[in-house]
Amino acid sequence: MGRLDLSRRSLLGRLSGLAVAPRVLFGGGAHAQDHLLEAEWLATAGVEGGFAPVVLAPDFAATSVGAGTQRLHWVEPSPDGRTAVAVARRPGTTAVLFDRRAGSVLATFEPGEGRVFSGHGRFVDGGRRFLAVEIDRASGQGTVSRRVVEAGFAIEAEWASSGMGPHDMLPAGGALVVANGGIEPHTPEALGAEIAGSSVARLDPVTGAVRSVAELDEDLASLSLRHLTSGHDGFTVVAAQDLLADGIARPLLYAVEANGLRAFDAPEEAWRGLRTYVGSVALDASGAFVAAASPRGNMVAVWRRDGRFVGTLPLVDGCGLAPTREAGRFLATSGLGETVLIGTDGDSLGVLARRSGGPRFDNHAVLAA
(Lines give C-alpha, C1' and ligand atoms only; values in the text may rest on other atoms or scores of the structure.)
Protein backbone atom coordinates (compact mmCIF):
# COMPACT_ATOMS: atom_id res chain seq x y z
CA MET A 1 0.00 0.00 0.00
CA GLY A 2 1.44 3.35 -1.03
CA ARG A 3 1.71 6.29 1.34
CA LEU A 4 0.72 9.91 0.82
CA ASP A 5 3.26 12.71 0.51
CA LEU A 6 3.13 13.88 4.14
CA SER A 7 4.82 17.28 3.80
CA ARG A 8 2.29 19.59 5.46
CA ARG A 9 4.83 22.28 6.35
CA SER A 10 2.53 25.03 7.49
CA LEU A 11 0.62 22.78 9.88
CA LEU A 12 3.67 21.00 11.19
CA GLY A 13 5.45 24.32 11.65
CA ARG A 14 2.68 25.53 13.91
CA LEU A 15 2.68 22.31 15.88
CA SER A 16 6.42 22.18 16.43
CA GLY A 17 6.54 25.26 18.64
CA LEU A 18 3.65 24.34 20.91
CA ALA A 19 3.85 23.13 24.47
CA VAL A 20 2.66 19.54 24.74
CA ALA A 21 1.24 19.48 28.27
CA PRO A 22 -2.58 19.60 28.48
CA ARG A 23 -4.22 22.55 30.23
CA VAL A 24 -6.60 21.60 33.05
CA LEU A 25 -9.46 23.75 34.28
CA PHE A 26 -11.35 22.83 37.45
CA GLY A 27 -14.68 24.59 37.81
CA GLY A 28 -13.74 27.04 35.07
CA GLY A 29 -15.52 30.08 36.53
CA ALA A 30 -12.43 32.22 36.91
CA HIS A 31 -11.30 31.39 33.38
CA ALA A 32 -14.62 31.87 31.63
CA GLN A 33 -14.33 35.67 31.55
CA ASP A 34 -10.79 35.96 30.22
CA HIS A 35 -10.14 32.77 28.27
CA LEU A 36 -12.65 31.29 25.85
CA LEU A 37 -11.58 27.93 24.44
CA GLU A 38 -11.52 27.24 20.73
CA ALA A 39 -13.22 23.84 20.54
CA GLU A 40 -12.57 22.04 17.26
CA TRP A 41 -13.05 18.54 18.69
CA LEU A 42 -14.33 17.10 21.96
CA ALA A 43 -13.19 13.95 23.72
CA THR A 44 -12.93 12.31 27.14
CA ALA A 45 -9.80 11.32 29.04
CA GLY A 46 -8.32 10.14 32.29
CA VAL A 47 -6.92 13.15 34.14
CA GLU A 48 -5.68 13.89 37.67
CA GLY A 49 -6.65 10.45 38.93
CA GLY A 50 -10.19 10.78 37.54
CA PHE A 51 -12.01 11.39 34.27
CA ALA A 52 -13.05 14.54 32.42
CA PRO A 53 -14.36 15.93 29.15
CA VAL A 54 -11.58 17.34 26.98
CA VAL A 55 -11.69 20.26 24.54
CA LEU A 56 -9.26 20.01 21.61
CA ALA A 57 -8.23 23.17 19.76
CA PRO A 58 -7.44 23.21 16.00
CA ASP A 59 -3.73 22.83 16.90
CA PHE A 60 -4.62 19.74 19.04
CA ALA A 61 -3.95 21.51 22.35
CA ALA A 62 -6.04 19.72 25.00
CA THR A 63 -7.95 21.37 27.85
CA SER A 64 -9.68 19.19 30.43
CA VAL A 65 -12.93 20.45 31.94
CA GLY A 66 -13.43 19.57 35.60
CA ALA A 67 -12.79 16.06 36.88
CA GLY A 68 -14.86 13.25 38.35
CA THR A 69 -14.65 9.64 39.42
CA GLN A 70 -16.82 8.08 36.69
CA ARG A 71 -15.39 7.05 33.35
CA LEU A 72 -16.85 9.29 30.65
CA HIS A 73 -17.30 7.68 27.26
CA TRP A 74 -18.98 9.72 24.49
CA VAL A 75 -19.25 13.52 24.20
CA GLU A 76 -22.22 14.96 22.32
CA PRO A 77 -21.95 18.62 21.18
CA SER A 78 -25.13 20.67 21.29
CA PRO A 79 -26.23 22.54 18.17
CA ASP A 80 -26.13 25.70 20.31
CA GLY A 81 -22.37 25.85 19.64
CA ARG A 82 -21.62 26.35 23.33
CA THR A 83 -22.48 23.30 25.43
CA ALA A 84 -21.94 19.55 25.25
CA VAL A 85 -22.83 16.46 27.27
CA ALA A 86 -20.36 13.76 28.28
CA VAL A 87 -22.04 10.45 29.19
CA ALA A 88 -20.55 7.95 31.62
CA ARG A 89 -20.51 4.16 31.52
CA ARG A 90 -19.34 1.56 34.02
CA PRO A 91 -20.95 2.50 36.40
CA GLY A 92 -22.75 4.94 34.12
CA THR A 93 -24.83 6.77 36.70
CA THR A 94 -24.12 10.33 35.54
CA ALA A 95 -23.96 12.58 32.49
CA VAL A 96 -22.14 15.93 32.55
CA LEU A 97 -23.34 19.11 30.84
CA PHE A 98 -20.42 21.50 30.29
CA ASP A 99 -19.61 24.78 28.57
CA ARG A 100 -17.05 23.88 25.96
CA ARG A 101 -15.98 27.50 25.41
CA ALA A 102 -15.68 28.61 29.04
CA GLY A 103 -14.29 25.27 30.20
CA SER A 104 -16.78 24.85 33.04
CA VAL A 105 -19.16 22.16 34.25
CA LEU A 106 -22.76 23.42 34.26
CA ALA A 107 -24.83 20.50 35.56
CA THR A 108 -25.14 16.74 35.84
CA PHE A 109 -28.10 14.38 35.43
CA GLU A 110 -28.81 10.68 36.06
CA PRO A 111 -30.35 7.72 34.23
CA GLY A 112 -33.87 6.46 34.94
CA GLU A 113 -34.51 4.53 38.14
CA GLY A 114 -32.87 1.12 38.18
CA ARG A 115 -30.91 1.84 35.01
CA VAL A 116 -27.39 2.88 33.97
CA PHE A 117 -26.17 4.90 31.02
CA SER A 118 -24.36 2.92 28.32
CA GLY A 119 -22.05 5.85 27.55
CA HIS A 120 -23.87 7.38 24.57
CA GLY A 121 -26.47 10.07 23.90
CA ARG A 122 -27.56 12.46 21.14
CA PHE A 123 -29.08 15.91 20.92
CA VAL A 124 -32.19 16.10 18.71
CA ASP A 125 -34.91 18.63 17.91
CA GLY A 126 -32.39 21.42 17.35
CA GLY A 127 -30.76 20.78 20.73
CA ARG A 128 -34.00 21.11 22.70
CA ARG A 129 -34.09 17.42 23.55
CA PHE A 130 -31.51 14.79 24.42
CA LEU A 131 -31.77 11.05 23.78
CA ALA A 132 -29.84 8.60 25.97
CA VAL A 133 -29.44 4.84 25.79
CA GLU A 134 -29.87 3.15 29.16
CA ILE A 135 -29.69 -0.42 30.44
CA ASP A 136 -31.79 -2.01 33.16
CA ARG A 137 -29.37 -3.21 35.84
CA ALA A 138 -31.29 -6.40 36.59
CA SER A 139 -32.46 -7.60 33.17
CA GLY A 140 -30.06 -5.98 30.71
CA GLN A 141 -32.99 -4.76 28.63
CA GLY A 142 -32.45 -1.47 26.82
CA THR A 143 -34.33 1.81 26.99
CA VAL A 144 -34.07 5.03 24.98
CA SER A 145 -34.98 8.01 27.15
CA ARG A 146 -36.03 11.35 25.65
CA ARG A 147 -35.19 14.33 27.84
CA VAL A 148 -36.13 18.01 27.78
CA VAL A 149 -32.96 20.10 28.01
CA GLU A 150 -34.60 23.24 29.42
CA ALA A 151 -36.25 21.14 32.13
CA GLY A 152 -32.91 19.99 33.50
CA PHE A 153 -32.84 16.95 31.19
CA ALA A 154 -36.02 15.57 32.77
CA ILE A 155 -37.38 12.45 31.04
CA GLU A 156 -40.54 13.15 29.02
CA ALA A 157 -40.77 9.81 27.19
CA GLU A 158 -38.97 6.47 26.98
CA TRP A 159 -39.06 3.51 24.63
CA ALA A 160 -37.69 -0.02 24.54
CA SER A 161 -34.50 -0.25 22.48
CA SER A 162 -35.71 -3.62 21.10
CA GLY A 163 -32.71 -5.49 22.37
CA MET A 164 -30.35 -6.36 25.19
CA GLY A 165 -27.40 -4.23 26.23
CA PRO A 166 -27.83 -1.24 23.90
CA HIS A 167 -24.62 0.72 23.49
CA ASP A 168 -24.95 3.42 20.83
CA MET A 169 -27.80 5.23 19.12
CA LEU A 170 -28.22 7.99 16.52
CA PRO A 171 -30.87 9.53 14.25
CA ALA A 172 -30.27 8.60 10.60
CA GLY A 173 -32.37 8.33 7.48
CA GLY A 174 -35.55 9.43 9.23
CA ALA A 175 -35.24 6.75 11.91
CA LEU A 176 -33.60 6.31 15.27
CA VAL A 177 -30.93 3.62 14.86
CA VAL A 178 -29.92 1.67 17.98
CA ALA A 179 -27.00 -0.76 18.27
CA ASN A 180 -28.10 -3.39 20.78
CA GLY A 181 -24.83 -5.06 21.70
CA GLY A 182 -26.28 -7.96 23.67
CA ILE A 183 -23.54 -9.51 25.76
CA GLU A 184 -20.59 -7.14 26.02
CA PRO A 185 -17.17 -8.69 25.24
CA HIS A 186 -14.56 -8.76 28.01
CA THR A 187 -17.13 -8.69 30.82
CA PRO A 188 -17.98 -11.42 33.36
CA GLU A 189 -21.19 -12.14 31.44
CA ALA A 190 -19.18 -12.84 28.30
CA LEU A 191 -17.04 -15.54 29.93
CA GLY A 192 -17.73 -18.74 28.01
CA ALA A 193 -20.47 -17.13 25.89
CA GLU A 194 -20.53 -17.72 22.14
CA ILE A 195 -23.71 -15.86 21.13
CA ALA A 196 -23.85 -12.11 21.74
CA GLY A 197 -27.54 -11.66 20.97
CA SER A 198 -26.89 -8.31 19.26
CA SER A 199 -28.99 -6.44 16.72
CA VAL A 200 -29.52 -3.08 15.04
CA ALA A 201 -33.01 -1.67 15.57
CA ARG A 202 -34.65 1.15 13.61
CA LEU A 203 -37.23 3.00 15.68
CA ASP A 204 -39.71 5.73 14.84
CA PRO A 205 -38.00 8.92 16.12
CA VAL A 206 -41.28 10.36 17.49
CA THR A 207 -43.14 7.38 18.94
CA GLY A 208 -40.36 4.82 19.42
CA ALA A 209 -42.32 2.22 17.44
CA VAL A 210 -40.13 -0.53 15.95
CA ARG A 211 -39.66 -0.25 12.19
CA SER A 212 -37.14 -3.05 11.75
CA VAL A 213 -34.60 -5.17 13.60
CA ALA A 214 -31.55 -6.53 11.78
CA GLU A 215 -29.46 -9.41 13.08
CA LEU A 216 -26.32 -11.10 11.80
CA ASP A 217 -26.21 -14.60 10.32
CA GLU A 218 -25.67 -17.56 12.62
CA ASP A 219 -21.97 -17.82 11.77
CA LEU A 220 -21.54 -14.23 13.01
CA ALA A 221 -23.59 -14.65 16.18
CA SER A 222 -20.56 -14.05 18.41
CA LEU A 223 -20.34 -10.42 17.27
CA SER A 224 -21.56 -7.64 19.57
CA LEU A 225 -22.77 -4.69 17.48
CA ARG A 226 -21.72 -1.58 19.38
CA HIS A 227 -20.73 1.71 17.72
CA LEU A 228 -22.48 3.71 15.02
CA THR A 229 -21.67 6.51 12.60
CA SER A 230 -23.80 8.11 9.90
CA GLY A 231 -23.58 10.70 7.13
CA HIS A 232 -25.83 13.57 6.10
CA ASP A 233 -27.61 11.31 3.61
CA GLY A 234 -28.48 8.72 6.27
CA PHE A 235 -25.77 6.21 5.30
CA THR A 236 -25.00 4.35 8.54
CA VAL A 237 -22.22 2.01 9.64
CA VAL A 238 -22.06 -0.19 12.73
CA ALA A 239 -18.85 -1.61 14.23
CA ALA A 240 -18.57 -4.87 16.12
CA GLN A 241 -16.55 -6.62 18.80
CA ASP A 242 -16.21 -10.41 18.90
CA LEU A 243 -16.92 -12.57 21.95
CA LEU A 244 -14.67 -15.27 20.51
CA ALA A 245 -10.94 -15.27 19.94
CA ASP A 246 -10.96 -18.54 18.00
CA GLY A 247 -8.73 -17.50 15.11
CA ILE A 248 -11.61 -16.91 12.67
CA ALA A 249 -11.32 -13.54 10.93
CA ARG A 250 -14.89 -12.25 11.11
CA PRO A 251 -15.76 -8.87 9.53
CA LEU A 252 -16.14 -6.18 12.21
CA LEU A 253 -17.73 -3.41 10.10
CA TYR A 254 -21.22 -3.38 8.50
CA ALA A 255 -23.35 -0.96 6.51
CA VAL A 256 -26.88 -0.70 7.91
CA GLU A 257 -29.20 -1.13 4.93
CA ALA A 258 -32.96 -1.49 4.43
CA ASN A 259 -32.70 -5.24 3.98
CA GLY A 260 -30.16 -5.91 6.74
CA LEU A 261 -26.43 -5.56 7.39
CA ARG A 262 -23.76 -5.61 4.65
CA ALA A 263 -20.22 -6.58 5.63
CA PHE A 264 -17.28 -4.41 4.62
CA ASP A 265 -14.42 -6.11 2.83
CA ALA A 266 -10.83 -6.51 4.01
CA PRO A 267 -8.01 -9.07 3.78
CA GLU A 268 -8.03 -11.68 6.53
CA GLU A 269 -4.83 -10.29 8.00
CA ALA A 270 -6.50 -6.88 8.39
CA TRP A 271 -9.46 -8.33 10.30
CA ARG A 272 -7.06 -10.37 12.44
CA GLY A 273 -5.00 -7.26 13.07
CA LEU A 274 -7.99 -5.60 14.76
CA ARG A 275 -7.84 -8.41 17.35
CA THR A 276 -11.63 -8.93 17.53
CA TYR A 277 -12.24 -5.34 18.66
CA VAL A 278 -13.32 -2.07 17.05
CA GLY A 279 -13.62 0.66 19.68
CA SER A 280 -14.88 3.52 17.51
CA VAL A 281 -15.94 4.29 13.95
CA ALA A 282 -16.30 7.54 11.97
CA LEU A 283 -17.27 8.85 8.54
CA ASP A 284 -15.24 11.67 7.02
CA ALA A 285 -16.75 15.07 6.12
CA SER A 286 -17.57 13.95 2.57
CA GLY A 287 -19.16 10.67 3.64
CA ALA A 288 -16.87 8.86 1.20
CA PHE A 289 -14.57 7.18 3.75
CA VAL A 290 -15.04 5.19 6.94
CA ALA A 291 -12.37 4.78 9.62
CA ALA A 292 -12.34 2.26 12.47
CA ALA A 293 -9.95 2.17 15.42
CA SER A 294 -8.81 -0.80 17.48
CA PRO A 295 -6.92 -0.09 20.72
CA ARG A 296 -6.33 -3.83 21.10
CA GLY A 297 -4.91 -4.10 17.60
CA ASN A 298 -3.02 -0.77 17.95
CA MET A 299 -4.23 0.42 14.55
CA VAL A 300 -6.65 2.54 12.56
CA ALA A 301 -8.19 1.04 9.40
CA VAL A 302 -9.88 2.94 6.56
CA TRP A 303 -12.42 1.88 3.93
CA ARG A 304 -14.23 3.49 1.05
CA ARG A 305 -17.94 3.98 1.60
CA ASP A 306 -18.79 1.03 -0.65
CA GLY A 307 -16.87 -1.29 1.68
CA ARG A 308 -13.62 -1.52 -0.25
CA PHE A 309 -10.57 -1.62 2.00
CA VAL A 310 -7.97 1.17 1.78
CA GLY A 311 -5.41 0.24 4.44
CA THR A 312 -4.24 0.54 8.04
CA LEU A 313 -1.94 2.73 10.11
CA PRO A 314 -0.38 1.84 13.47
CA LEU A 315 -1.54 3.79 16.53
CA VAL A 316 -0.68 2.28 19.90
CA ASP A 317 -3.79 2.18 22.13
CA GLY A 318 -5.59 4.33 19.57
CA CYS A 319 -9.37 4.47 19.83
CA GLY A 320 -10.86 7.98 19.49
CA LEU A 321 -11.86 8.91 15.94
CA ALA A 322 -13.55 11.98 14.49
CA PRO A 323 -13.82 13.64 11.09
CA THR A 324 -12.23 16.98 10.36
CA ARG A 325 -13.88 19.64 8.20
CA GLU A 326 -11.93 18.39 5.16
CA ALA A 327 -12.73 15.38 2.99
CA GLY A 328 -10.55 12.34 3.57
CA ARG A 329 -9.25 13.53 6.95
CA PHE A 330 -9.67 12.01 10.40
CA LEU A 331 -8.50 12.94 13.87
CA ALA A 332 -7.38 9.96 15.98
CA THR A 333 -6.50 9.93 19.69
CA SER A 334 -4.75 7.37 21.88
CA GLY A 335 -4.56 6.31 25.49
CA LEU A 336 -0.89 7.31 25.41
CA GLY A 337 -1.79 10.98 24.86
CA GLU A 338 -1.18 11.10 21.12
CA THR A 339 -3.31 13.10 18.68
CA VAL A 340 -2.87 12.17 15.02
CA LEU A 341 -4.23 13.66 11.81
CA ILE A 342 -4.83 10.93 9.21
CA GLY A 343 -5.43 11.51 5.51
CA THR A 344 -6.56 9.34 2.59
CA ASP A 345 -7.25 9.88 -1.09
CA GLY A 346 -8.97 6.52 -1.45
CA ASP A 347 -5.85 4.72 -2.61
CA SER A 348 -3.21 5.74 -0.08
CA LEU A 349 -3.25 6.41 3.65
CA GLY A 350 -0.87 8.50 5.72
CA VAL A 351 -0.21 10.55 8.83
CA LEU A 352 -0.33 14.30 8.16
CA ALA A 353 0.46 15.54 11.66
CA ARG A 354 1.07 14.12 15.12
CA ARG A 355 1.22 15.57 18.62
CA SER A 356 2.13 13.79 21.85
CA GLY A 357 2.00 14.72 25.51
CA GLY A 358 -1.77 14.96 25.84
CA PRO A 359 -4.00 13.30 28.44
CA ARG A 360 -4.94 9.60 28.46
CA PHE A 361 -7.66 9.83 25.83
CA ASP A 362 -10.54 7.37 26.17
CA ASN A 363 -12.70 5.69 23.51
CA HIS A 364 -14.18 8.57 21.53
CA ALA A 365 -13.62 11.94 19.91
CA VAL A 366 -16.13 14.08 18.02
CA LEU A 367 -16.01 17.11 15.74
CA ALA A 368 -17.57 20.06 17.56
CA ALA A 369 -20.72 21.39 15.90
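Applying the side chain to side chain donor-acceptor pair (under 3.5 Å) rule to E156 yields the partners R129, R146; only residues at least two apart in sequence or on another chain are considered. Applying the side chain to side chain contact (heavy atoms under 4.5 Å, CB included) test to Q141 and every residue at least two apart in sequence or in another chain returns S139, M164. Residues meeting the salt bridge (charged side-chain N to carboxylate O under 4.0 Å, His left out) test with D233, sequence neighbours left out: R305. Not counting sequence neighbours, the partners of D99 by the side chain to side chain donor-acceptor pair (under 3.5 Å) test are R82. With sequence neighbours excluded, the residues satisfying salt bridge (charged side-chain N to carboxylate O under 4.0 Å, His left out) with E257 are R262. For D265, there are no salt bridge (charged side-chain N to carboxylate O under 4.0 Å, His left out) partners, not counting sequence neighbours. Under the rule for a side chain to side chain donor-acceptor pair (under 3.5 Å), the partners of T83 that lie at least two apart in sequence or sit in another chain are D80. For R137, there are no salt bridge (charged side-chain N to carboxylate O under 4.0 Å, His left out) partners two or more places apart in sequence or in a different chain. Applying the side chain to side chain donor-acceptor pair (under 3.5 Å) test to E189 and every residue at least two apart in sequence or in another chain returns T187.
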Just distance, no hydrogens or angles: give the donor-acceptor pairs under 3.5 Å from side chains in residues 235-252, sequence neighbours left out.
| from | atom 1 | to | atom 2 | distance (Å) |
| --- | --- | --- | --- | --- |
| T236 | OG1 | G234 | O | 2.8 |
| Q241 | NE2 | V278 | O | 3.2 |
| D242 | OD1 | S222 | OG | 2.6 |
| D242 | OD1 | L244 | N | 3.0 |
| D242 | OD2 | R250 | NH1 | 3.0 |
| D246 | OD1 | I248 | N | 3.2 |
| D246 | OD1 | R250 | NH1 | 3.1 |
| D246 | OD2 | R250 | NH2 | 2.9 |

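Applying the side chain to side chain donor-acceptor pair (under 3.5 Å) test to residues at least two apart or on different chains, the pairs with a partner in residues 106-118 are R115-E134, R115-E158. Every pair passing side chain to side chain donor-acceptor pair (under 3.5 Å) that includes a residue from residues 274-284 is listed here, sequence neighbours excluded: D284-S286.
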